[in-house]
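Beneath this line is the structure, given in structure tokens, with notes to follow.
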2 protein chains.
Amino acid sequence: METQTVAATSAGFASQHELLRAARHLAGRTIAELVHGLDCELPAEPVRNKGYVGRIVERALGLSASPLSAADFETLGVELKTLPVSVASRPRESTFVCYVALSSLVETPWEASRVAYKLARVLFVPIESEPHLTLAERRVGSAFLWSPTREQSALLQADYAEIAGRAASGELETLDARVGRVLQLRPKAAHGAVRVRASDGEGLPSMAQPRAFYLRAGFTAEVLRAALRED
Amino acid sequence: METQTVAATSAGFASQHELLRAARHLAGRTIAELVHGLDCELPAEPVRNKGYVGRIVERALGLSASPLSAADFETLGVELKTLPVSVASRPRESTFVCYVALSSLVETPWEASRVAYKLARVLFVPIESEPHLTLAERRVGSAFLWSPTREQSALLQADYAEIAGRAASGELETLDARVGRVLQLRPKAAHGAVRVRASDGEGLPSMAQPRAFYLRAGFTAEVLRAALRED
DNA sequence: CAGGATCCACTATTGGATCCCG
DNA sequence: CGGGATCCAATAGTGGATCCTG
């Protein structure tokens, strides 16, 4: 049975290439088909189930809840990201990268940052996600491995520096999601009132909105176009 | 009197450089000040007086209604365009270039087109035009002469070809203002029901909406940035 | 709470319509 | 009707908020 083939590949991958092949094996399948071999429920509607597709693809590729398979991806040095795309292969959303504390931003250069580490190597799995499609109907596209080109890396680093600079000088008023040409900082929490421990400009304890790095849709659009040209 | 200085330069210019100097002489003045030396009325509000600033600047530079001074600009080979800009020097609007008949588009290559001719050399006069400013309060910026760079020319030509191609193949449904990265085609008339004589795909007579070429605001923004870097 | 993400009200952009003059 | 342009309702874009899971 087709879906069992997917399950069979789910144990550890020896290389990034092997992982890519497994991901490409999913191309053309609907989410319903992925779920079929995975013993899990399929919610009817996308809304209120935001991370669902991402988790299904993780599982279809063997990244289960177990620490062991999570370690596979860790060992391979690959970050897995589903990318919701329109029929015209245009990303419909920005891409979450990771949380970050403003204080760590100030201390950490781009090269040593978690965002740079996560973006060093990404397996993008496009998902055709027109709003009118149910989760079940959404279809997996052709996955690809990406690392930033020299130009892209320069853009990311410049945005990081701009964001870190504003954090350092305490210009929190002007440090919103509009900053950054390709990388941006946005609130990320269950709701807007959530606060976490932080330190203010002078290192004194304070409470702050949790924030995370995101890639702008325009940037992943460029990444996707380049990948399509490769094919 | 200062405004007489302006009037004194209004007779024919010997060169583009002389014209540019006269235009730069207007920098920093308000429209009220320009009008002061010109014997004409100043409407209170911008709305319902759309071409007013353009005509005032023309007159301040000696392009009166008389065919003679119009010929000055013609002889110099310069097109005069005011450019409404925000305080951040961002163009607030697209820029009208000229009317065009779809039939002529099909026959005329870029090099021989009126739009290419008009864009070959332009004197842009930025006007600070925040919506809350009355006409009188709007201020003239630093004028500059522009000709398309090689890259800009390639973009313009490619857009022209794209537009002409759709006109040729009769794809009028897809030939709207969205076509063209920097150059676009838009309806231009007193109102949407205006029609002019035209010919259809087979050369048969028909009625069509008058259309004109415009430069997108994003393009003139780039032109303006380059000019500001020069200064 | 970190990580898988998308939602959606609001803002920014702009395509088509329009205004005045000669 | 061509040329000087801007207006503004509708659409596109996105910043901040939010949802579910382990």
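In what follows, every chain begins at residue 1, and chains take the letters A, B, ... in the order their sequences are listed. Owing to the predicted nature of the structure, the values given are computational and were not obtained by experimental measurement.
Here B:S94 lies in heavy-atom contact (under 4.0 Å) with a base. A:R216 comes within 4.0 angstrom of sugar-phosphate atoms only, judged by non-hydrogen atoms across all strands, and of no base. Contacts of A:R92 with the nucleic acid, taken as non-hydrogen atoms under 4.0 Å apart, are absent. Within the 4.0 angstrom heavy-atom criterion, only backbone atoms of the sugar-phosphate kind lie near B:R114; the bases stay farther away. In this structure, B:G51 reaches the bases: a heavy-atom distance under 4.0 Å links it to at least one base atom across the strands shown. Counting any heavy atom pair closer than 4.0 Å across all strands shown, A:P84 reaches sugar-phosphate atoms only and no base atom. A:E79 comes within contact range of the sugar-phosphate backbone alone, with a heavy-atom separation under 4.0 Å but no base atom that close.
Side-chain contact check for B:R195 versus B:Q209: some heavy-atom pair is nearer than 4.5 Å.
A straight line from CG of B:L135 to P of D:dC7 spans 9 Å, rounded to a whole angstrom. With rounding to whole Å, B:R181 atom CZ is found 19 Å from C:dG15 atom C1'. Atom NZ of A:K188 and atom P of D:dG15 are 17 Å apart (whole Å). Across the protein-nucleic acid pair, A:R211 atom CZ and C:dA2 atom P stand 15 Å apart, rounded to whole Å. Rounded to a whole Å, the CZ atom of A:F96 is 7 Å from the C1' atom of C:dA2. Atom P of nucleotide D:dA5 and atom CZ of B:F213 are separated by 18 Å, given to the nearest angstrom. For the pair A:Y214 OH and D:dG13 C1', the computed distance is 17 Å after rounding to whole Å.
Candidate nucleotides D:dC8, C:dC7, D:dT21 were compared by shortest atom distance to the side chain of A:R55, and D:dT21 ranks first. Which of C:dA5, D:dG2, C:dG16 sits closest to the side chain of B:R186 comes down to C:dG16. In the set D:dC19, C:dG15, C:dC19, the nucleotide with an atom closest to the side chain of A:R48 is D:dC19. Among D:dG15, C:dA17, C:dG4, the nucleotide with an atom closest to any side-chain atom of B:P187 is C:dA17.
Across the interface with DNA chain C, nearest-nucleotide mapping of A:G54 and A:R195 shows A:R195 to be the residue nearer the 5′ end.
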